[in-house]
Amino acid sequence: MAGCSQYAAPPRGNPHHARRFGLPTATALVMGNIIGGGIFLLPASVAPYGTVSLLAFVVLTVGAVALALVFGRLAERDPRTGGPYVYARAAFGDFAGFLSAWSYWTMTWVSNAALAVAAVGYVHVLAPGHESKGVDLAVALLALWLPALANLAGTRWVGAVQIVSTVLKFVPLLFVAVAGLFFFDPDNLGPFHSGGGSAVGGLSAAAAILLYSYVGVESASMSAGEVRDPERNVGRASVLGTVGAAVVYLVGTVSVFGTVAHRDLVNSTAPFSDAVNAMFGGSWGGTLIALAAVVSIVGALNGWILMSAQAPYAAARDGLFPAAFAAKRRGVPTFGVLVGTVLASLLTVVNYTSGSGGVFESLVLITTFSATVPYLLAAGAQVHFLLSGRRDEVRAGRFARDLVLALLGFGFSFWLVAGAGYAAVYQGTLFLFAGVLVYILMAARRAAARSRAEAPAEAAPADGARPAAGTAV
């Protein structure tokens, strides 16, 4: 098994399709995974709290960048595919590593189903008048399987799709953000803090909504084994991608706040479209932003489908997931891609055929907690390495700075847990415990395999000796 050596063996298959990610592609992977479809509703989501939500963006960005730097430091220590799983297992053992991989895996395929369903709403704007459950289901499944096919074609295609989709969604968002500054009207901003309670309470409430806007900072470390010079490029890509996403988030939100009147923004269902219409007139803004949203979601699915295969791939190398997940073709864990996409597709079918969104909404709620488990364990692993006399395994000479960053990353991750809410933590914990049964089964298989390997060979009879009576010959 590949997990027997320190680093995974190079993937087999056609090398033409298994190209390693350079810094631009790794950065696009991080930025594309962070920026999904939610950004197009964010300004309206936080508008009820006033402009204090802009301050919440700044605070969260500091925490997200700190976590990105922690992943970069950890990748210097161990640049294998699997990211948070690899670090948790190295610091705390197999069980912690499994919990990290299990949580991350379930988070990815459930959230992929949610992204596919979200894409349907924007397709309705582009092609109105064709609403039906059957058509919606077909569109959602298409949104899942087109990026999956790109993944199955190999890392070369994954990287190409990620760069193109990131550019196509970054350019219109940045255009709205920059153009909005020229139409900025301070009277549209509304109060610094609106609603009851204190400004600090408003800051926390806005932050709770914005927290998951930065899920994806770990994307480069998850695919470290496919990144060229990962000891250097994983950290750079993590920070550049996070900062790039933060610039789009912050400047875009400021522009929307300054071009759409606060009373209208609070009730808006398409804030970026409203901003374009306010700047240039007409109603073409809705079509432009809907197109950008579809591209953004498909690009995010391209990256997240790869992420859904990387965590179980890394765990399978070490015998913590079924061995089939460790198979790679063209640099991509194909079995993991297929399983994750099939599960997301089944959940999507349930969403459109059950007649109730209750089950779907509950599963999506679980992802808000599941995303935080790998972050907490990875940040905790960095603190563990620094305080347990293993500083040389992270990087010597930077103890104080690395410790501060690790504690900031841990605090940010803990804030993510708190922001998830009681229901998400409760349901997510139950789902996490369900994975314990899988761990028990895999641990029992490994123990049985070791027992068979270590069992002494049955003694052979001496030359010339006759077998005992009753012994079959």
Working note: L146 + V298, criterion side-chain contact (heavy atoms from CB on, under 4.5 Å); need CA distance, chi angles, decisive distance, verdict.
CA-CA 8 Å; L146 284 179; V298 171; 5.7 Å; no
Check whether more than 12 heavy atoms from other residues, nucleotides or ligands sit under 6.0 Å from atom CZ of R445, and answer yes or no.
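Result for CZ/R445: open.
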Is atom CZ of F414 surrounded by more than 12 heavy atoms (other residues, nucleotides or ligands) closer than 6.0 Å?
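No - once you tally the heavy atoms of other residues, nucleotides and ligands closer than 6.0 Å, there are 12 at most.
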Do [X] and [Y] have side-chain heavy atoms sitting under 4.5 Å apart?
X: V59; Y: W415; result: yes
X: Y375; Y: E218; result: yes
X: Y422; Y: V425; result: no
X: L377; Y: P84; result: no
X: Y87; Y: Q382; result: no
X: S238; Y: V217; result: no
X: M307; Y: L29; result: yes
X: R80; Y: Y85; result: no

Where the side chain of [X] meets the backbone of [Y], is there a donor-acceptor pair that is under 3.5 Å apart?
X: R446; Y: G319; answer: yes
X: N151; Y: N302; answer: yes
X: S103; Y: S100; answer: no
X: S296; Y: A292; answer: no

Nearest 0.5 Å please: distance from the [atom1] atom of [X] over to the [atom2] atom of [Y].
X: L430; Y: F369; atom1: CG; atom2: CZ; result: 10.0 Å
X: N112; Y: T341; atom1: CG; atom2: OG1; result: 7.0 Å
X: F431; Y: M107; atom1: CZ; atom2: CE; result: 12.5 Å
X: L376; Y: L99; atom1: CG; atom2: CG; result: 12.0 Å
X: T61; Y: L250; atom1: OG1; atom2: CG; result: 6.5 Å
X: T108; Y: L301; atom1: OG1; atom2: CG; result: 11.0 Å

Closest non-hydrogen atom pair between [X] and [Y], with its separation:
X: F272; Y: P43; value: CE1-CG, 3.7 Å
X: D94; Y: L320; value: O-CD1, 3.7 Å
X: P333; Y: K328; value: N-CG, 3.8 Å
X: A378; Y: L74; value: O-CD1, 3.5 Å
X: L306; Y: S223; value: CD2-OG, 3.8 Å
X: I35; Y: Y249; value: CA-OH, 3.9 Å

Does F412 have any ring pair (Phe, Tyr, Trp, His ring centres under 6.0 Å) partners at least two apart in sequence or in another chain, and if so, which?
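If we apply the ring pair (Phe, Tyr, Trp, His ring centres under 6.0 Å) test to F412, skipping adjacent residues, there are no hits.
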What do you reckon, are the aromatic ring centroids of F321 and W105 less than 6.0 Å apart?
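They qualify: ring centres under 6.0 Å apart.
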Have T81 and E226 got a donor and an acceptor in their side chains that come within less than 3.5 Å?
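The criterion, which ignores hydrogens and geometry beyond distance, is satisfied for E226 and T81.
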Verify side-chain contact (heavy atoms from CB on, under 4.5 Å) between V436 and F95, making sure each step is shown before the conclusion.
CA-CA 9 Å; V436 174; F95 186 59; 4.1 Å; yes
Geometric class of the Y439/F98 ring pair [parallel <30°, tilted 30-60°, perpendicular >60°]
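If you compare the ring of F98 with that of Y439, the planes turn out tilted.
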F335 vs F325 aromatic rings, parallel, tilted or perpendicular, using cut-offs 30° and 60°?
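The rings of F335 and F325 stand perpendicular, inter-plane angle above 60°.
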Show the numbers, then the answer: is there a side-chain contact (heavy atoms from CB on, under 4.5 Å) between V332 and L152?
CA-CA 7 Å; V332 173; L152 294 173; 5.7 Å; no
Test log, rule side-chain contact (heavy atoms from CB on, under 4.5 Å), inputs N351 and L347
CA-CA 6 Å; N351 177 66; L347 183 54; over 6 Å; no
